[in-house]
2 protein chains.
Amino acid sequence: MRPTIRDVAQHAGVSIATVSRALRDSGSVRKDTRARVLEAAEQLNFTPSRLGRQLAERRHAANGIVFPDLSGPYYAEVVLGYEAVAAERERSVLILSTHGRANAEAMVEDLATRCDGMVVMGRTISDDAVERLVSRGMPVVLLARPPIGDIDSVNADNRTSAVALGRHMLAQGARRVAFVGDPAASPDVQERWSGLQDALAEASAKGEATVDLVSVQGFGEETGAAVARRALESRNRRPLPDAFVCANDELALGLMDTLLAADVAVPDRVLVSGWDDVMAARYAGLTTVRQPMRALGGTAARLLDELVTGARTEPRHELLPTELVTRASTSPHPAQK
Amino acid sequence: MRPTIRDVAQHAGVSIATVSRALRDSGSVRKDTRARVLEAAEQLNFTPSRLGRQLAERRHAANGIVFPDLSGPYYAEVVLGYEAVAAERERSVLILSTHGRANAEAMVEDLATRCDGMVVMGRTISDDAVERLVSRGMPVVLLARPPIGDIDSVNADNRTSAVALGRHMLAQGARRVAFVGDPAASPDVQERWSGLQDALAEASAKGEATVDLVSVQGFGEETGAAVARRALESRNRRPLPDAFVCANDELALGLMDTLLAADVAVPDRVLVSGWDDVMAARYAGLTTVRQPMRALGGTAARLLDELVTGARTEPRHELLPTELVTRASTSPHPAQK
DNA sequence: GTTACCGATGTAACCGTTTTCAGAAACCGG
DNA sequence: CCGGTTTCTGAAAACGGTTACATCGGTAAC
C-alpha cells in the first residue's frame with residue numbers, strides 16, 4: 001500500500017496534524033519538527049492522496065469543458081487556450097466531447113460531479129440542462145453560445161463580420177447570394193446567417209439583391225462538395241448564385257474545390273467565403289473571418305475562475321472581435337491567383 | 001449545503017448503508033425499500049458526492065493525457081481519439097499541455113495524483129520522470145514516443161514511410177535531398193530522419209545522392225519559410241537541394257510558399273514533402289505521410305484501460321501503419337497543377 | 001417443532017486528508 | 001520567579017461515501 005499521512009506521522013514521531021501542517025506550510029511548526037517530517041516523508045516516498053485532500057477541502061481544483069467535437073482546428077485551439085489559462089491558475093482541465101453521443105446530458109451531469117465549474121460550448125446540451133446545472137450551484141460559463149438568463153457567456157462577434165462580409169460581397173458585384181449552413185445547428189451559424197441577411201436587407205428591398213439559405217446537415221468538406229454538386233446539377237432550372245457564403249471553412253473549401261473541378265471559375269464566376277480562417281483557407285486563398293480562438297478559450301477560463309473563487313458575482317458577457325480576411329476567392333478584379 | 005447520503009437515509013427512514021445499496025444497485029434491497037430511497041433522493045435532489053465515492057473506492061475513474069501542445073491538427077485529433085475511447089469506458093479525461101512550461105515535470109506529477117493512469121505523449125517529460133511515475137505504480141502508456149523498458153507504447157510507423165518517401169524522391173529524380181526538422185525535438189522526427197537516411201544510404205554510397213540535415217528550431221510555417229529564405233540567399237555558394245523532406249506539413253507549407261513566391265518552381269525545380277497530412281496539405285497539393293491520428297489516441301486509451309483494470313500485465317508495443325500520400329509537390333512529370 | 005439458511009437491514013469501520021479546539025511548552029517583561 | 005502571551009502540538013471531529021460483519025425475521029426442509 002501507498003504510505004499515508006499516518007505512516008509519516010509515526011515515522012517522524014509526531015501527530016498527523018503536524019505532518020499536514022508541515023507539508024503544506026500552514027499553521028506554525030517548529031523548524032526542526034518540520035525538518036523531521038519532511039525527512040520522514042522523503043524516506044517513505046510519501047505523496048498526499050489527492051482524494052483525501054479534496055474531500056477535506058471540499059473542492060476538486062479542476063474545471064471541465066464540454067464541446068461538441070474536436071475535429072477541425074477551431075475547437076482544438078479554443079480548448080488549448082482554455083487549458084493554458086486554467087493551468088496557470090493551478091486548475092486541472094477535464095474534457096468532454098459530446099460528439100454524436102445520445103446521452104450527452106447524462107455525461108455532462110457526470111462531469112459536473114467532478115469539477116468546481118465548467119464551460120459549456122456551443123450546441124452540446126439543452127438550455128434546460130444548463131440551467132439545471134446552474135440551479136444546483138455549479139458555476140457555468142457559456143462559450144460560443146448565446147447567453148441564458150444571467151449565465152456568463154463568451155462569444156465571438158459573428159454579426160459584425162457577417163454584415164461586413166455581406167457588404168463585401170455586394171461591393172464585389174454579387175447580386176444573388178447563398179448562405180450555406182444550418183442555422184439551427186449552432187448559435188454561431190444562426191448569427192452569421194442573420195447578419196448576412198441584415199447586410200443585404202436594403203439591397204434586397206430595392207430588388208437589387210437576393211439572399212437564400214442552403215440548409216445542410218454537417219460541417220465537413222464532403223457536405224460542401226455535395227452542395228456544389230447539387231447547385232451544378234440544377235443549374236439550368238436555377239442559375240448558380242453569384243456568391244456562396246459558407247458557415248465555415250471546411251464547407252467552403254469542399255464547395256470551392258468541386259466548383260473548380262467543374263470548371264466554374266472562382267472568383268470570376270462565383271465568389272466563395274468561409275469562416276474560421278483555418279490554415280487550409282490561407283493556402284486555398286479563401287476569404288474568411290478570423291476568430292480569436294485561443295482568446296475565446298482563455299477568456300472563458302478567466303471568467304469561470306472568477307466565479308469559482310467567488311471573486312465576482314455579477315454576470316458578464318464578453319463579445320470578442322472578429323476580423324474579415326479577404327483573399328482571392330472573392331477578389332475577381334485583381335485576378336491574382 | 002448539499003444533501004448527503006445521511007439526509008437521504010433519514011428522509012427515507014433507513015440506514016445509509018441501505019441508501020448506498022439502493023442507489024448503486026449492489027447488495028440486496030427490497031423493492032419497496034429501494035423505491036422509498038429513490039423517492040427520497042429525488043425529493044432532496046441528491047447526487048452522491050464524487051469525492052466521497054472516489055475516496056471510498058480508492059480510484060479516480062479518470063485518465064490523464066500529457067502532450068506538448070495542441071496547436072496543429074495532429075495533437076487535437078489524437079486527443080480526440082483518446083477521449084472517445086476513454087468516455088466509452090466511463091473514464092473522464094484530464095488533459096495537460098506542457099507547452100513551453102518550465103515546470104512540466106512537476107505538473108505531470110501533480111496530474112498523476114488525480115488519475116488512475118496516464119498517457120505520456122512525445123517530448124514532454126524526461127525518461128527519468130516517466131520511470132519515476134511507473135515505479136510509484138502508476139499505469140503509463142507512451143504515445144508517439146519510443147518504448148522505455150517495459151512500458152507500453154503506441155507509435156506510428158515513421159520509419160517505413162520515411163523509407164518509402166526517400167525512395168519516392170529518388171524515383172522522381174532527386175539527387176540532393178535535404179531533411180528539414182530537429183531530430184532532437186521529438187522521437188518521431190528522429191525516426192523520420194533516420195529512415196530517410198536509410199532510404200538514401202545505397203545511392204549515397206555510390207555517390208549518386210546526398211542527404212543533408214537542415215536542423216531548425218520550431219515546427220511552424222514561419223520556420224519553414226525561414227529555411228527557404230536561407231536556402232535562397234546562399235544559393236550561389238551552395239545550390240538549392242532537389243528535394244526538401246520536411247518533418248511536418250507546417251514546415252513544408254511555409255517553405256513551399258516562400259519558394260513559390262521567389263519563383264522557384266515546385267515541383268519542377270524543387271520537390272517538397274511534409275508529414276501528417278493536415279487539411280491544408282490537400283489544398284496545397286503537398287506530398288505527405290498520413291498517420292492514423294484518432295487510432296493512435298484510441299489505441300493508447302485501450303492499452304491504458306487494460307493496465308488500469310489489470311486485464312493485462314505483460315507489456316505491449318503497438319506500431320500503427322502510416323501511408324505515403326503523393327501529390328503535386330513531388331510530381332514534376334504529369335505537370336498537373 | 002426444530003434447525004438451517006437466506007434475504008434484508010443496520011452498525012460501525014474505513015478511505016486519507018484538513019482543521020478546530022484545547023492544552024502544553026516556550027518566551028517575555030517586570 | 002511569575003503571570004501573560006505566543007508558539008507548537010495532539011486529539012478528535014469533520015468531509016461523504018462504501019462495505020464487512022452482525023442481526024433479525026421468515027421460510028423451507030426434515
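No donor-acceptor distance shorter than 3.5 angstrom exists from the side chain of A:Tyr74 to the backbone of A:Gln291, with no hydrogens or angles considered. A side-chain donor-acceptor contact under 3.5 Å links A:Arg2 to the backbone of A:Thr47.
Atom P of nucleotide C:dT18 and atom CG of A:Asp25 are separated by 12 Å, given to the nearest angstrom. The NE2 atom of B:His60 sits 16 Å away from the P atom of C:dC15 (whole-angstrom rounding). Residue B:Arg36 contributes atom CZ, which lies 12 Å from atom C1' of C:dA8 at whole-angstrom precision. Separating the CG atom of A:Asp7 from the P atom of C:dG16 is a distance of 9 Å, rounded to the nearest angstrom. The distance between atom NZ of A:Lys31 and atom P of C:dA26, rounded to the nearest whole Å, is 18 Å. In this structure, CZ of B:Arg114 is placed 18 Å from P of C:dG16, rounded to the nearest angstrom. Here the P atom of nucleotide D:dG10 and the CZ atom of A:Arg30 are 10 Å apart, to the nearest Å.
Distances shown here put every side-chain N or O of B:Thr33 at or beyond 4.0 Å from the OP1 or OP2 atom of C:dA8. For B:Ser15 and C:dT11, the shortest distance from a side-chain N or O to OP1 or OP2 is not below 4.0 Å.
Counting non-hydrogen atoms of neighbouring residues, nucleotides and ligands closer than 6.0 angstrom, the CD atom of A:Gln10 reaches no more than 12 such neighbours.
Shown here for A:Val140 and A:Ile151, the closest heavy-atom pair between the two residues is O-CG2, 3.5 Å.
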B/S/- contact track for nucleotides 12-23 of chain D, protein heavy atom under 4.0 Å:
---BBBBBB---
Could you go through B:Arg59 and B:Asp116, starting from their C-alpha distance and side-chain angles, then the distance that decides it, and tell me whether this counts as salt bridge (Lys or Arg N to Asp or Glu O under 4.0 Å)?
CA-CA 6 Å; B:Arg59 59 179 224 133; B:Asp116 306 317; 5.1 Å; no
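Of the charged side-chain nitrogens involved, at least one lies within less than 4.0 Å of a carboxylate oxygen, so that B:Glu57 and B:Arg24 count as a salt-bridged pair.
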